[in-house]
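Chain identifiers are assigned alphabetically (A, B, ...) following the order of the sequence lines, protein sequences preceding nucleic acid strands; residue numbering begins at 1 within each chain.
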There are 2 protein chains.
Amino acid sequence: MTEEEFLAAYDASAYPRPSVAVDAVLFTIRDDALQVLLTRRQAHPFAGLLSLPGAFVGPEETLDGAAQRALREKAGLQDIFLEQLYTWGDPGRDPRLRVISVSYYALVPEDRIGPLPEGTALYPAHALPTPLAFDHAGIIRLGLERLRGKVSYTDIAFSLVPEEFTLPQLQRVHELLLGQPLYKANFRKKIAGRIEETGKFTSGGKHRPSRIYRKRALPAEPLL
Amino acid sequence: MTEEEFLAAYDASAYPRPSVAVDAVLFTIRDDALQVLLTRRQAHPFAGLLSLPGAFVGPEETLDGAAQRALREKAGLQDIFLEQLYTWGDPGRDPRLRVISVSYYALVPEDRIGPLPEGTALYPAHALPTPLAFDHAGIIRLGLERLRGKVSYTDIAFSLVPEEFTLPQLQRVHELLLGQPLYKANFRKKIAGRIEETGKFTSGGKHRPSRIYRKRALPAEPLL
DNA sequence: ATAGTAAGTAGCAAATCAAAACTAACTGAC
DNA sequence: GTCAGTTAGTTTTGATTTGCTACTTACTAT
């Protein structure tokens with residue numbers, strides 16, 4: 001069968017084409033823990049269970065665009081770090097109809113999260129309620145693995161911290177993502193080239209104030 | 001609008017749902033170069049251009065299953081390393097109709113490739129004909145990046161080499177994937193724990209024969 | 001025997017990493 | 001004021017890994 005013949009048969013066939021949706025795992029740091037945004041489902045199936053914010057992909061919409069829209073509609077967030085994670089397509093993962101879900105993970109500092117809609121809240125990523133709707137537990141687990149894998153060799157940790165931050169703060173983010181403590185001195189050497197001082201200091205603590213930094217715009221090295 | 005309402009509207013709407021397809025980037029090492037399997041398209045669109053082997057996802061088929069089937073049908077390959085790469089969904093990437101493509105990359109040692117169907121052949125990954133059909137050039141580029149990124153901290157190189165291999169062979173695979181030469185002594189130290197001797201040696205060369213190894217089944221360490 | 005060639009090993013300096021110990025700057029209790 | 005408590009930030013040291021060179025080994029072809 002040629003591809004064209006297949007397509008013709010495909011168009012004419014009785015079974016419905018799959019729907020394509022996106023689901024987003026939105027991570028943030030709150031209460032010294034990594035947290036995930038979940039919404040409680042009202043409707044069948046899995047009514048009453050928590051699920052990831054998602055959306056069906058519109059006819060003229062890109063996949064990234066649909067993921068952005070899902071987060072805008074469900075959490076009021078715009079212009080945040082968003083990256084594709086994995087695509088889930090097992091028949092039966094949605095009992096209603098075949099749904100292919102392109103999953104994304106998103107990172108946002110806590111201070112950018114506004115008031116959340118009724119039924120939507122943050123839950124600690126390492127102690128999630130169980131069960132979750134659909135295969136969303138698996139999606140979150142993969143997101144956690146991806147984060148852990150990428151934190152050491154990319155800039156993603158900066159996306160979980162306000163524009164201006166202290167090094168203990170940034171180090172703590174790394175530790176939460178990696179799940180293990182880091183040595184202060186080594187951590188500082190490693191990121192020294194990716195930050196710049198603001199000249200400001202924290203105040204109000206019962207101890208030595210810490211310097212406040214921001215992310216360095218462009219590393220000077222890659223110009224070779 | 002609730003999700004249920006959306007689904008109802010979605011079902012009733014005039015625009016067709018997207019089709020979901022898979023495309024596979026099959027890599028192998030041949031003639032001391034990394035090569036990709038491509039097939040020449042017969043039909044519109046992009047007739048005459050080279051494209052990745054692909055398939056539409058059947059109604060009861062998993063995504064992985066569809067990718068396996070595509071490689072079985074287009075290259076006669078079974079039971080090979082296959083991993084999801086990225087999902088491409090821009091409207092307009094297929095001029096006929098909206099197609100969401102879940103891309104995979106696959107790795108196979110040359111000795112497992114049999115005779116290929118008419119119109120299907122291997123092309124050097126770093127000197128591909130241009131242009132390619134659809135967005136397949138971008139898919140291959142991403143596959144190359146993924147390979148390069150993963151070769152140093154995973155076992156993927158073993159999937160590009162026969163079951164029994166020499167260390168110069170395995171080192172060369174690493175070098176081709178990384179695009180840079182490696183130091184023999186360091187390379188050997190690094191993989192020492194992941195291989196085991198077969199006791200056999202190559203023969204017939206004009207020089208010292210090299211030991212033949214196989215991949216070590218289970219590393220002993222992860223038992224803690 | 002000797003030359004050619006690629007396989008495989010030894011060793012060292014430089015860079016990086018893990019780890020502990022140290023100093024600095026604030027608050028609050030005395 | 002001074003001292004304890006606390007966290008920020010720096011210095012230092014030893015272990016491990018990397019970059020690199022030089023060497024030895026084992027085969028074939030003259």
Can you tell me if [X] and [Y] form a side-chain donor-acceptor pair at under 3.5 Å?
X      : Y       : result
E83(B) : Y105(B) : yes
D23(A) : S103(A) : no
T87(B) : T87(A)  : yes

Review point. Within the structure, does a side-chain N or O atom of Y183(A) lie under 4.0 Å from either OP1 or OP2 of dA18(C)?
Key: no
Exercise for review: Report the residue (G205(B) or L167(A)) whose heavy-atom-nearest nucleotide on DNA chain D is the more 5′ of the two.
Suggested key: L167(A)
Review point. When the nearest nucleotide of DNA chain D is assigned to R211(A) and to K189(A) on a heavy-atom basis, which residue is associated with the more 5' position?
Key: R211(A)
Within the sub-3.5 Å range, which N or O atoms of nucleotides 4-7 of chain D have a protein N or O partner, and how far apart are they?
residue, atom, partner, partner atom, Å
dG5(D), N2, K206(A), O, 2.7

**Study point:** Distance flag, aromatic centroids of F158(B) and F81(B), threshold under 6.0 Å
**Key:** no
Could you check how far [atom1] of [X] sits from [atom2] of [N], rounded to whole Å?
X       : N       : atom1 : atom2 : value
L178(B) : dG19(D) : CG    : P     : 11 Å
K184(B) : dT24(D) : NZ    : P     : 14 Å
I191(B) : dT17(D) : CD1   : P     : 16 Å
L182(B) : dT17(D) : CG    : P     : 17 Å
I212(B) : dA7(C)  : CD1   : C1'   : 13 Å
Q171(B) : dG19(D) : CD    : P     : 13 Å
F201(A) : dA25(C) : CZ    : P     : 9 Å
H174(A) : dA18(C) : NE2   : C1'   : 17 Å

Review point. Does the side chain of R93(A) come within less than 4.5 Å of D135(A)'s, by heavy atoms?
Key: yes
In terms of side-chain heavy atoms of [X], which of [options] is nearest?
X       : options                  : answer
A185(B) : dA8(D), dC20(D), dC27(D) : dC20(D)
R188(B) : dC20(D), dA19(C), dT9(C) : dT9(C)
N186(A) : dG9(D), dA18(C), dC27(D) : dA18(C)

Review point. Any salt bridge between R69(A) and E73(A), counting N to O under 4.0 Å?
Key: yes
Point to revise | For Q171(A), the option from Q169(A), H174(A), E175(A) that meets side chain to side chain donor-acceptor pair (under 3.5 Å) | key: E175(A)
Practice item. Just call it for K190(B): base, sugar-phosphate, or nothing, with non-hydrogen atoms closer than 4.0 Å on any strand. Key: sugar-phosphate
